[in-house]
Structures are given as structure tokens and as C-alpha cells.
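Below is one structure, written out as C-alpha cells; comments come after it.
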Amino acid sequence: MSTRVSTSQVFNNAQSHITQARDREALTAEKAATQKELTRPSQSPSEWVVAANVKDDLAIREGVAKNATLATHMMTATENLISQLQDIVRRTQELTIGASGNPVDNEEKYGFILPEVEGLHGNLLQALNTKFSNRSLLGGFKSLTDPFDSDGQYQGDDGVIEIEIDRGLKVPVNVNAQEIVLGVGLENGVNIPAAFSRLVQGLRTKDITMVRSTLDDLVAATDQLSLGRTRLAGSMTEIQRVLETHGVHQEQGSALLAKIVEVDPIKVFSDLARDQTVLRAAIETNRKVLNEDPMGELLK
Amino acid sequence: MAINEILETGNRGLITNRRALQTTSNNISNANTPGYSRQKSVIVNLPPSTVEGLTIGSGSEVKKIVRVHDAFVQKQLVDENQAFGALRAKTENLNHFEALVQKGGTQINDMMNRFFNDFRQLSSNVENSSLKNVVYNSAVSLADGFRQMNRSLEVGREQLDLRVADTINQVNVMLKEVAGLNDTIQLAEGRGEAPNELYDRRDLVLRDLSQKINFQLTENQMGQQTLVCGGTVLVQGNQSTELEAKRTPAQGEKASGGMTVFALSGGQPRDITVGIQNGELGGLIHVRDKVINPAIEHLDRVAHSVATSVNQVHSLGEGGAEGKGNLFKISDTPAGAAFSFEVADSIMGNPERIAAGFSANAPGDNRLALQMAELQEQKLIPKSELGDGVFHTFNESMNDLVANVGIAANRDNQLFDHQKSVVNQLENYRDSYSGVSIEEEAVDMIKYQTVFNASAKAMKVGEELLQTILSLKN
């Protein structure tokens, strides 16, 4: 059944066809120019929420990853410090063994050993006050002052500094000096600075009993410091694992975001060519229709 | 005399076809007039006369000129235009608000990420006082972000209310016109006339009016149309009701200061807002009350939750009650929280008062900073006020706010596209049925011109016959 077409319909339809083709071309051109498929939530609300949540997740992970890297540096510095302390203790142990032998030789021997042991004692106190990035490694929360005074008395506290290295995961980045250096809370724990003081005193007063009494302490000190290193090693392994996971998460998150938000460049340029062709066809077709002159033809 | 009748019949032919040509010419002239319905001349033959037992016709006349019009399509257009007008208002405004909310929501999320990440950085190096400056700047930016987004939404809401008032003015003009046309049409019909142009004008005004406001339309036997909206008579006969928009206190989903629509009839204003469900007015009120107001309330809930959660942690810092106190200043309840969101007076200009630990004299204590950073991952904000037990983080809740506006825009965009097709189809049908076709009118012109010429020739023949008879006498 044929449908009657009025004159205004002809013009209105022409306008409508061209407008629709123009609107579609403009939309595709915007995608081609921005390379973004998803620019507004209304285009796909569920995908937009996923993309927004991924973006926030990546931002949080970036902040956390920076902390993980800093934690690694701090723990490396602490591990180096403990290693240095162990070297000092080991050398002191060697010297003490030598000084614990036949008392007849000791007077002369003590004269040679004492300066070195005093030096090692000084090194120990200096090392215990090592700072990293202007904060002491063994002072607990009292990080801006030296944790040990010249007599080896502890001035810090038992604060454990934790750093967030992953979402919901914190690790301690310092060692508890009261435990590892002073032996507090440990079975057979030893106060290392006090042991050194006793050794120096024993060598000065040539008291072999006092000297010999520090031998066991120095052995225990080595084990005590090893405990600190073991704990640090555990945390560092955890951080390493987390840093690797961060990398994977970053990659996956970025890939997902790109998949949701960005266009397929080949498809969008192909769509643009198609829409431009449709627009040209609409203009050309309607030009022919609009240029018809029915009255002129009929009334010739 | 019979020859006179030949002349008379020819004359009637001339008049009939001249009038038909006039109608055709009028159609052509109005081919582009919006709302014009083409007119047709109804030509009938005149009663015959009986002469010497013979029945002879006496020509034709234009009995009436009717407009080609489908009342059912007009009614459908009036009905569908109401939904169309509402959806158009919704999509235009929602697309605008979506952009505002998306920009504001994304900014606030970025600022929250920065704020909590800065606390994370502070937690890893609390002794560094410059990091407290960084946290302070983030806190100021976050407060600014909330206030700015709140202001954008409130300005947008105010603009919607101004559009409501403006649309009411347009509706009033149209209602008056419909009432006036009712009156004029009644008078014309009383005189036995067929005021086709007035009918067309009234139909057009009603179609335009239906895009502005919803109403039920009835017509009585006298051709008088009555418009009723939500139980309130807008037009009856030659009387129209004036509408007014006024700012009123909070009511239902409408916030305080928003526009309410009143009908002024019988001297007493009557609130008819609830009855306005469609048309542009209905669309504007819907966007204002069901999208923007909930978005502002949602923003307030997020702002209040962020500030109170941060304050709960911060007030425990470095010395407790005598320590650093609140970090943010906020209203006691969520209502107005985004508007009032600021850095606390004690902290403003004093970044060193930002707490990072719980103990005094412990510069390395970072526990407060850690706990603050953890707030970002805790699900503290209920997803909805329905208490369904689902909670969101701050970021998730902001994303939800933006997504809700997006969902509303997505839904209404799709509905609008569909409704546009429906209305376009109806208008096409109306045009197809009632619109002027130049080709048809050209053919009609030829038709009537041919008969006009033939009638003139018939008169000429009659005149010659008369001359012949008269010359016989001579």
C-alpha cells in the first residue's frame, strides 16, 4: 500500500537524515580524536565503575609501592649495621679467647689487646648510634636522638616502626634494640654494650676471671645478632615478593583499564570512514530530492 | 428561460472551481506552515430542476471546506508528546549534570588518593617535617574539592528551578491561548462557520503544550476542550488557570528553597507539583528531586564519613585530648557536610600540628599515620540508606555517586531515543495524512482550471445561443 508523502515531510526527512548522519560522524570523530571509547559513565555505567575502581586501586598501589621500596632501603641499612656489629663482636671474641689463656703471659698480652678492644668498644658504641636518612636505626620511636650514650646505656624505646608494603600488609623495618642489643626478653639474652664494658674493665685491671666471664656473653651476642638478621631477612623476603606482585598488579590493572576505556584504533578509523561515507551519501541523495521541481514540471 | 439556466449553470461552475482553486492556492501557500492541515473543497451538485417532465441538473457548488485531519493521531501525539517532553528535559539536563558530577567526583577521588597516599608517605618518614606540609596541602585541597562539587551541584539545581519558573511562564501563555481559541471557535461555529485555521492553531498549541506539562484532554459536543492536570482544571471553556512557581521549605524529596508549582484558582493557591509527572516540567522536577538532591545528599554522606573517620583517628594523636585534635571541621550531621568541609581552625596554617603518632616525644612514632592511611581501605559508608548491610570505601562510594547519575542518564537516553522514534513516526503519519503535497495541489489546480475554462466556454456557448435567439426577432 503506497503512503502519501507531503512536501514538508520531504524536507523534514532530508533534514533528519542529514542530522542523524552528522551526529553519528561527530561521535565517531570524537572517539578517533581522543582515542577513548568510554568518556562518560552513561555510555556504560558498569564498565565505568570497574574502570574507576581499577584507577583508584592503581593509585593506592603506587603509594604503597613507594613505601615498600623505602622499607627495603631501611632494612638493608639495618642489616648492614647488624653485620658490622657481628664483625666487631667476632673480632672481640677472638681477642678475648687469646686473653683468656695462661695467666702468666697475660700481663704482657693484655697490654697489646686492650687498645684494640677499647677501639672495638668505641666502634660498637658508634655503630649502635648509626643513622639512616637522619634517623637512628636502633632507637625505636625515639629516632632523632642517639639511642646509646657513651656508657652504653639505652636511651631509646621499644617502638616497632612498621611500614605498609601492600594493601593491608605491614612489616617492621627496625629491630627491637632492647631485645637484639640488650637481650631483654630473650632466654640467655646478653647486654652486649655491658659485656664489652666488663671486658675492657677486666683487661684494664688484668682480672682474668672477669675477662673469661665475657667469653660466653660474646658467643651469645653473636647468636643474638643473628636472630635480628634472621627477622630482617624474613621481612625483606616478604617485601621482595610484594614488589614483584606490585609489578604484576600494575601491569594487569593498566591493561584492564586500557581495554575498557580506550578504543581499538583500527575499528574507530574504519567506523569514521564509514560514517563520513554515509553522511556524504545522505547529503547527495537529499540534494537530488530537494532540487526536484514538481510544480514546474507539471505546469509547463 | 432555459438559456439563462445554461448561463447560470456555467456561472456556478466558474464560482465553484474558482473557490476550489482558492482553496488549492491556500494549501500551496501554507505548505510549510507548522501545524497546517490541508483543506479540501467539498463540491456537491445543486438540486435539479424539473422542466416539462425532465429532471435537469443545475450545476455545482462548494458546500464546505473541510480540513483533512485525523483526531486520533492528534490525541496520540498529545499523549506521546508528554513523555517526549519529559524525557527530552531529563536527557538534556542529566547529560549536563553527568559531566559536572563526573568531573567533581573524579577530582575528589584523586584528592582522596593523594591525601591518603601522603599519609602513607608520612608514615614511612615521620621525622621529615616537609611531609607534614604535603599532607596539610592535600587536606586543604580535599576540603576545597568537596565544597566545590557541592557548589556546582547546588548551582545546577538552582538553574533547574529557574527553568521550572520559565517553563511555567510559557505554559501560562499557552493555556491562555487555548482558552481564547476555545472562545473564538465557539463564536465562529455559532455563526455557522468552519474555522479550520483556528482548529489547526489550537491543535498545534495543544501539541506544544503537551511537551511542557502533562494533562488529560476532553472535548464536549460544542467543540470546547478541557485540560486537566493531576485533578486540577487548567482550561475549561474560555477560562484558564494561572500557574505559579514559588520557593518553599523542604517537602518530601524536594530540598528547602526549591520551586513548588501552584495553581491559582478561586483565589487560593493549590500545590499541584505532585500531579506534574510528565512534560518538560515533570522532567525538570524529576531531575531535581530524584537525581540531583540524592547526589547532594550522597556527597554529604561521603564528606561527613571522611571527616569524622579522619578526626576520630587524628584526635588520638600525640597526647590525646591535649594533642592535635580534629584535622577537619564539619557539620554535626551529614546534612550540609560537603558545604561546611574545611581544615580545622587549630590546624589551618599550622601543618606541624598534624599528628603522625600516638606518643608524645617519640618523633619516629608513625602509628597514627599508618592507621590514617588504612582508613582508605575500610568499608565505612553504607551503600544505601536502606541498611542492607553493604558498605563501601570512600572511593567506592564516590564512584557510586557518579555511576548513579550515569545510570539515570543512560536509562533516560535510551528511553528518549525510543520515544523520539514514536513521536517522529506519529508526526510523519500526521504529515502524510494532513500535510500539503505540492504535486497533488498542482494536479488539482490543473483539474479545477480545466473545469473553470470549460464552464467559461459553456457560458460563451449559452451567450451565443442567446444572441442567436435575439437576432431571430430582427
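Only heavy atoms go into these numbers, but all of them, side chains included; no hydrogens, no water, no symmetry mates. What you see is a predicted model, and the numbers here were worked out from it, not measured in a lab.
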Audit row: B:Asn113, A:Glu62, side-chain contact (heavy atoms from CB on, under 4.5 Å) steps and yes/no: CA-CA 10 Å; B:Asn113 289 339; A:Glu62 198 184 316; over 6 Å; no

Work out which heavy atom in B:Asn117 is nearest to a heavy atom in A:Gly63; give both atom names and the distance. OD1-CA, 3.5 Å

Go through it in stages, so that I can follow the logic: the residues are A:Thr3 and B:Tyr429, the test is side-chain contact (heavy atoms from CB on, under 4.5 Å), and I'd like the CA-CA distance, side-chain angles, deciding distance and then a yes or no. CA-CA 9 Å; A:Thr3 310; B:Tyr429 183 79; over 6 Å; no

Which bit of A:Leu70 comes within less than 4.5 Å of chain B, counting heavy atoms only: side chain, backbone, both or neither? side chain

Shortest non-hydrogen pair, B:Asp365 vs A:Phe141, comes out as CA-CD2, 3.4 Å

Taking salt bridge (charged side-chain N to carboxylate O under 4.0 Å, His left out) as the definition, give me every residue that meets it alongside B:Arg114, ordered by chain and number, with sequence neighbours left out. none

Please walk me through it: do A:Lys142 and B:Asn361 pass side-chain contact (heavy atoms from CB on, under 4.5 Å)? CA-CA 7 Å; A:Lys142 295 193 175 174; B:Asn361 302 319; 5.5 Å; no

Chain A heavy atoms under 4.5 Å from B:Asn95: which part of the residue, side chain, backbone, both or neither? side chain

Enumerate the residue pairs fulfilling ring-ring contact (aromatic ring centres under 6.0 Å, His included) with a member in residues 398-421 of chain B, sequence neighbours excluded, ordered by first and then second residue. B:Phe84-B:Phe416

Portion of A:Val173 that has a non-hydrogen atom of chain B nearer than 4.5 angstrom: neither

Distance-minimising heavy-atom pair for B:Asn109 and A:Asp56: ND2-OD2, 3.2 Å

List the steps and the verdict of side-chain contact (heavy atoms from CB on, under 4.5 Å) for B:Glu440 and A:Arg4. CA-CA 10 Å; B:Glu440 277 181 8; A:Arg4 182 177 176 276; 2.9 Å; yes

Looking only at heavy atoms, which of residues 26-47 of chain A get nearer than 4.5 Å to chain B? A:Thr39, A:Arg40, A:Pro41, A:Ser42, A:Gln43, A:Pro45

Heavy-atom side-chain contact between A:Val49 and B:Asp400 under 4.5 Å: no

Compare all side-chain heavy atoms of A:Asn134 with those of B:Glu127 and state whether any distance is below 4.5 angstrom. no

What I'd like to find out is whether the side chain of B:Glu377 reaches to under 4.5 Å of the side chain of A:Glu164, using heavy atoms alone. yes

B:Glu374 and A:Lys170, any side-chain heavy atoms less than 4.5 Å apart: yes

Does any backbone or side-chain atom of B:Gln414 lie under 4.5 Å from a heavy atom of chain A? Answer side chain, backbone, both or neither. neither

Do the side chains of A:Glu162 and B:Arg367 get close enough for a salt bridge, i.e. N-O under 4.0 angstrom? no

Quick check for you: to the nearest 0.5 Å, what is the distance between B:Ser359 atom OG and A:Asp157 atom CG? 7.5 Å

Contacting region of A:Asn13 [heavy-atom separation from chain B under 4.5 Å]: side chain

Which atoms of B:Asn125 come close to chain A, meaning under 4.5 Å heavy atom to heavy atom: side chain ones, backbone ones, both, or neither? both

With a 4.5 angstrom heavy-atom cut-off, could you sort out which part of A:Asn12 is near chain B: side chain, backbone, both or neither? side chain

Given heavy-atom pairs under 4.5 angstrom as the criterion, report whether the side chain, backbone, both or neither of B:Asn399 touches chain A. both

Side-chain donor/acceptor pairs under 3.5 Å, residues 246-258 of chain A, sequence neighbours excluded:
residue, atom, partner, partner atom, Å
A:His246, NE2, A:Ile165, O, 3.0
A:Ser254, OG, A:Gln250, O, 2.8

Out of A:Asn53, A:Asn67, A:Ile163, return the one with the most heavy atom pairs under 4.5 angstrom to chain B. A:Asn67

